[in-house]
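All remarks here apply to the structure that follows.
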Protein chains: 2
Amino acid sequence: MPSVTRRRSPDPARRASVEAQILAATERLLRDGASFTDLGVQRIAAEAGVARSTFYTHFSDKSQLLMRLANTMQTTAFDLVVRWQPTGQPDDPQRLIDVFREVIKLYRQHAEVLKAVNEVSSYDATVRQFWSSRLDRFLNRTAEVLVAEQEAGRTRADIDAATAARLIVLGGDRFLAHHVATDDGSGDEAAARELALTWWHGVHRRPA
Amino acid sequence: MPSVTRRRSPDPARRASVEAQILAATERLLRDGASFTDLGVQRIAAEAGVARSTFYTHFSDKSQLLMRLANTMQTTAFDLVVRWQPTGQPDDPQRLIDVFREVIKLYRQHAEVLKAVNEVSSYDATVRQFWSSRLDRFLNRTAEVLVAEQEAGRTRADIDAATAARLIVLGGDRFLAHHVATDDGSGDEAAARELALTWWHGVHRRPA
DNA sequence: CATAGTGCCGGACACTGTGTCCGGAGCAAT
DNA sequence: ATTGCTCCGGACACAGTGTCCGGCACTATG
């Protein structure tokens, strides 16, 4: 929108747009262990080296800041999961483990932002809607894959695909958020394995 | 605007301790759709027909109120799950479905309080710790059952019991909270079934 | 070189909510 | 009649939010 014109300033750090400064400052504060809810606009502005009033010329409030921050995540777990598709070959479950290994890496990269989004989603309607519409893409995708497998006769027909998809996506998300918040990395392999094999044998290849 | 109507009265209900009044009022407000975070102490006190200052003579703050509210839940999901124990008989999975049917009923009964606890846990350290210590009982119990099954040779030995327990308890909780918040009851049967059978075939009886 | 425009600063404002404090009123036991 | 208890109601200081505006530095133009 505004300022295609970059103004030069004595402070080199100032050259980056103020918005980028604020986004970076917020991420930094979160990474340092602050809870997003406890962070005041004052604190964020100070960390970004910007006046509090300037914050409000770029973001209408903290919720919008958080949503923009969430949008800075390039790769999402969705992108990773889309790549996996059951083929009926015996390496399907192994490939699923590989996918979850990558998903865990991603959760670790964005742990602070994900934590903040989960936090604010629980009491702010705007952020909750923003995030749940993202989750919906996941839910739909997962349910579609299940239905396709059912039609191919590889997954039991008596499974409620939509319900199972909710269990997989919501349950998996909560597990992953907790995992990266408490595990130092040594449990990543077990986590990827349990996630993949539980969904695989519990849903995709649930025995009769 | 505040309750001239609900002023001091010789009402018999008044005889119940003020604390009970406040607890009941809070539950009422939550049931009416208010979010606990948005509820001010003023609002709660008014609904309870009590002065705001009186609130503080009984509760140090809203967090403590919420924890006391959580403690009013008589039966917990834990109590229900403890009753289930795999026996090696063929009706094990069916009995697990029955348990989850009861668990769903319980989540529906206490939906508002559970929602409030989840909400506050995400940003208040005191409540988070209070709640996670409750969850830990679940985690331990679930892991113990898994280990016992492994020792009995009925569950695969290469499963990481602690990790699987986290997936089951945390994932299940998130799924259930979402389920009772969005489903009108018609999906309860499918939900109980998917929960039970996914954990059963995905973990307890995961095939080789 | 002068000037107009823009973006940021910094401080003031009104408002909402929190947690504390205290004088006073009703009520019961003594 | 006195004491002790609990609740009322209103005041307080404090913190945070979102808005507004005058002033200043810099930049792009005439």
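Sequence lines set the chain letters: A, B, ... in the order given, protein chains first and strands last, and positions in each chain run from 1.
In this structure, of D:dC7, D:dT19, C:dC8, it is C:dC8 that holds the atom nearest to the side chain of A:V18. Taking every side-chain heavy atom of B:S53 into account, D:dG10 is the closest of D:dG18, C:dG19, D:dG10.
Between the side chain of B:R52 and the base of C:dG19, at least one donor-acceptor pair of N or O atoms lies under 3.5 Å.
Here the P atom of nucleotide C:dT16 and the CZ atom of B:R43 are 15 Å apart, to the nearest Å. The nearest whole Å value for the distance from the NE2 atom in B:H58 to the C1' atom in D:dT6 is 8 Å. At whole-Å resolution of the value, CG in A:D61 and P in C:dT16 are 17 Å apart. In this structure, A:L66 atom CG and D:dT17 atom P are separated by 14 Å, rounded to whole Å. Distance OH (A:Y56) to C1' (C:dG10): 15 Å, rounded to an integer number of Å. Taking atom CD of B:Q64 as the reference point, atom P of C:dT18 lies 15 Å away to the nearest angstrom. Atom CD of A:Q42 is separated from atom P of D:dA15 by 12 Å (rounded to the nearest Å). Following rounding to the nearest Å, A:D124 (CG) and D:dG18 (P) show an atom-to-atom distance of 10 Å.
Salt-bridge formation is not detected for the pair A:E102/A:R83: no Lys NZ or Arg NE/NH1/NH2 atom is positioned less than 4.0 Å from an Asp or Glu carboxylate oxygen.
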Checklist line | Test log, rule salt bridge (charged side-chain N to carboxylate O under 4.0 Å, His left out), inputs A:R101 and A:D98 | finding: CA-CA 5 Å; A:R101 231 193 309 265; A:D98 296 340; 2.5 Å; yes

Next item on the list: Evaluate salt bridge (charged side-chain N to carboxylate O under 4.0 Å, His left out) for B:D173 paired with A:R174, printing each intermediate quantity in order.
Entry: CA-CA 9 Å; B:D173 176 62; A:R174 166 79 158 267; 2.9 Å; yes

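If you check the side chains of B:T76 and B:D79, you find a donor sitting under 3.5 Å from an acceptor.
Judged by closest nucleotide on DNA chain D, B:T54 is the one of A:K62 and B:T54 placed further toward the 5' end.
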